[in-house]
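For the single chain, residues carry numbers from 1 onward in sequence order.
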Amino acid sequence: MLATLYGRALDSGRAGSVLHDVEARRAVDRIDYDFARTGMTTTTAVGVAIRAKVLDDWTADFIRRTPSCTVLHLACGLDTRVHRLQRPDTVRWVDVDLPDVVALRHKLLPVPDGEYRLVASSVTDDEWLDAVSPARPVVAVFEGLSMYLTQAEGHSLIRRITSRFESGELLFDVYGSWGIKMQKLVPAVRNAGATLHWGVDDPREVEALHPGLTTVDAWRSVDLPHLDALPRSGRIQMRLVSAIPKLRDVGKLLRLRW
Ligand SMILES: C[S@@+](CC[C@H](N)C(=O)[O-])C[C@H]1O[C@@H](n2cnc3c(N)ncnc32)[C@H](O)[C@@H]1O
């Protein structure tokens, strides 16, 4: 969570920033922490910003098409997506993360305008979702979450969201099974002492969780837009990774609709 926040802050300080996340920069300045410990480099920072930018654009696209909607931003961490995106007053925004993280958010980040709730809960609990009105279409965006859940928890979360709302979209990133196997090579995962569980190789695994759930986009991390914002070494790294069949599928961004 600190690594990705720092990544977005580093990107925002670069000429040619992808995300322009000024609130991330301000939050980092307020935290007394040695961010070098996150192991973030310019390449990984811009990579984080690119992933966030694609999810921002998909979320903004949903809001544009469906202004009276609910946004569920799950495992929000210290992500300032609610500040980055312009939204009309008709949008209800719900940020959800574990209690410790929510307490930190209260201390570090400004309260957003509009209809906004910050919920302290595990996404695997039922109560938080029961408290969200199912009357509007929903866009559930969750970045850096699926891999921390077990497959059973991930499936259950997606089933609960898709069966509660009549229509909506799921926007999220996944690791492939090779990404899960190679998790200790990811500095942010290794340094945080985290363990990743659920990998998705084929979005049909997710489609099968609800009738009518259909993949709209499934983009490999190595094929995302804005990769030209990476430093030269990062661009070379991406070209190498995209040439190796198993490696190029280590991460994907998914957009599904029902
Ligand atoms: C890698 S961070 C990503 C945070 C944020 N989405 C971002 O991109 O900066 C993972 C986040 O998932 C949250 N998380 C992990 N398991 C969770 C759960 N069961 N319920 C809610 N949040 C969870 C963590 O607290 C953390 O904020």
A side-chain contact here means heavy atoms from C-beta on lying under 4.5 Å apart; do [X] and [Y] qualify?
| X | Y | answer |
| --- | --- | --- |
| Val174 | Val206 | no |
| Pro225 | Val54 | yes |
| His83 | Arg26 | no |
| Arg92 | Ser133 | yes |
| Ile31 | Leu104 | no |
| Leu213 | Leu170 | yes |
| Thr42 | Arg14 | yes |
| Leu247 | Met182 | yes |

- For the pair Thr44 and Val48, evaluate side chain to side chain contact (heavy atoms under 4.5 Å, CB included) and give the outcome as yes or no after the intermediate values. CA-CA 6 Å; Thr44 50; Val48 165; 5.5 Å; no
Heavy atoms from other residues, nucleotides or ligands near [atom1] of [X] exceed 12 (cutoff 6.0 Å):
| X | atom1 | value |
| --- | --- | --- |
| Asp126 | CG | yes |
| Arg30 | CZ | yes |
| Asp34 | CG | yes |
| Asp113 | CG | no |
| Arg204 | CZ | no |
| Arg37 | CZ | no |
| Trp128 | CH2 | yes |
| Glu115 | CD | yes |

Rounded distance (nearest 0.5 Å) linking atom [atom1] of [X] with atom [atom2] of [Y]:
| X | Y | atom1 | atom2 | value |
| --- | --- | --- | --- | --- |
| Asp223 | Ser221 | CG | OG | 8.5 Å |
| Leu2 | Met40 | CG | CE | 10.5 Å |
| Asp249 | Ile244 | CG | CD1 | 12.0 Å |
| Asp201 | Trp178 | CG | CH2 | 11.0 Å |
| Leu224 | Arg51 | CG | CZ | 10.0 Å |
| Ile158 | Leu149 | CD1 | CG | 9.0 Å |

- Task: Evaluate the criterion side chain to side chain contact (heavy atoms under 4.5 Å, CB included) for residue pair Leu253 and Trp58; output intermediate values, then yes/no.
- Result: CA-CA 11 Å; Leu253 285 187; Trp58 285 351; 4.0 Å; yes
- Query: Using a distance-only test with no angle check, is there a side-chain donor-acceptor pair under 3.5 angstrom linking Thr124 and Ser122?
  - Reply: yes
- Residues His155 and Glu205: side-chain donor-acceptor under 3.5 angstrom: yes
Closer than 4.0 angstrom, basic N to acidic O: yes or no for [X] and [Y]?
| X | Y | answer |
| --- | --- | --- |
| Asp79 | Arg84 | yes |
| Asp97 | Arg105 | no |
| Asp228 | Arg235 | no |
| Asp56 | Lys53 | no |

- Item | side chain to side chain contact (heavy atoms under 4.5 Å, CB included) assessment of Lys181 paired with Lys246 | CA-CA 11 Å; Lys181 281 195 192 106; Lys246 280 194 167 141; over 6 Å; no
Would a distance-only check, ignoring hydrogens and angles, find a side-chain to backbone donor-acceptor pair under 3.5 Å from [X] to [Y]?
| X | Y | result |
| --- | --- | --- |
| Thr70 | Arg136 | no |
| Arg159 | His210 | no |
| Asp11 | Leu19 | yes |
| Glu23 | Thr80 | no |
| Ser242 | Arg239 | yes |
| Asp173 | Gly144 | yes |
| Thr59 | Leu55 | yes |
| Arg81 | Ala52 | yes |

- Could you check Arg25 against Asp21 for salt bridge (charged side-chain N to carboxylate O under 4.0 Å, His left out), going step by step and ending with a plain yes or no? CA-CA 7 Å; Arg25 179 78 260 164; Asp21 194 339; over 6 Å; no
Do you know which two heavy atoms are closest between [X] and [Y], and how far apart they sit?
| X | Y | result |
| --- | --- | --- |
| Gly16 | Ala229 | O-CB, 4.5 Å |
| Ala218 | Leu254 | CB-CD2, 3.7 Å |
| Pro67 | Thr90 | O-OG1, 2.9 Å |
| Ala120 | Pro99 | CB-CA, 3.8 Å |
| Pro203 | Thr215 | CB-OG1, 3.5 Å |
| Pro137 | Ser68 | CD-O, 3.6 Å |

- Message: One pair to check against side chain to side chain contact (heavy atoms under 4.5 Å, CB included): Thr162 and Leu209. What are the steps and the verdict?
- Response: CA-CA 9 Å; Thr162 49; Leu209 297 171; 5.7 Å; no
Co-membership, hydrophobic cluster, residues [X] and [Y], 4.5 Å side-chain:
| X | Y | value |
| --- | --- | --- |
| Val141 | Trp219 | yes |
| Trp258 | Leu171 | no |
| Phe142 | Met1 | no |
| Val71 | Leu118 | yes |
| Val119 | Leu157 | yes |

- Message: Going by salt bridge (charged side-chain N to carboxylate O under 4.0 Å, His left out), Asp217 matches just one of Arg257, Lys252, Arg255. Which one?
- Response: Arg255
- Message: For Trp93 and His73, take the angle between the two ring planes, folded into 0 to 90°, and tell me which bin it lands in: parallel under 30, tilted 30 to 60, perpendicular over 60.
- Response: perpendicular
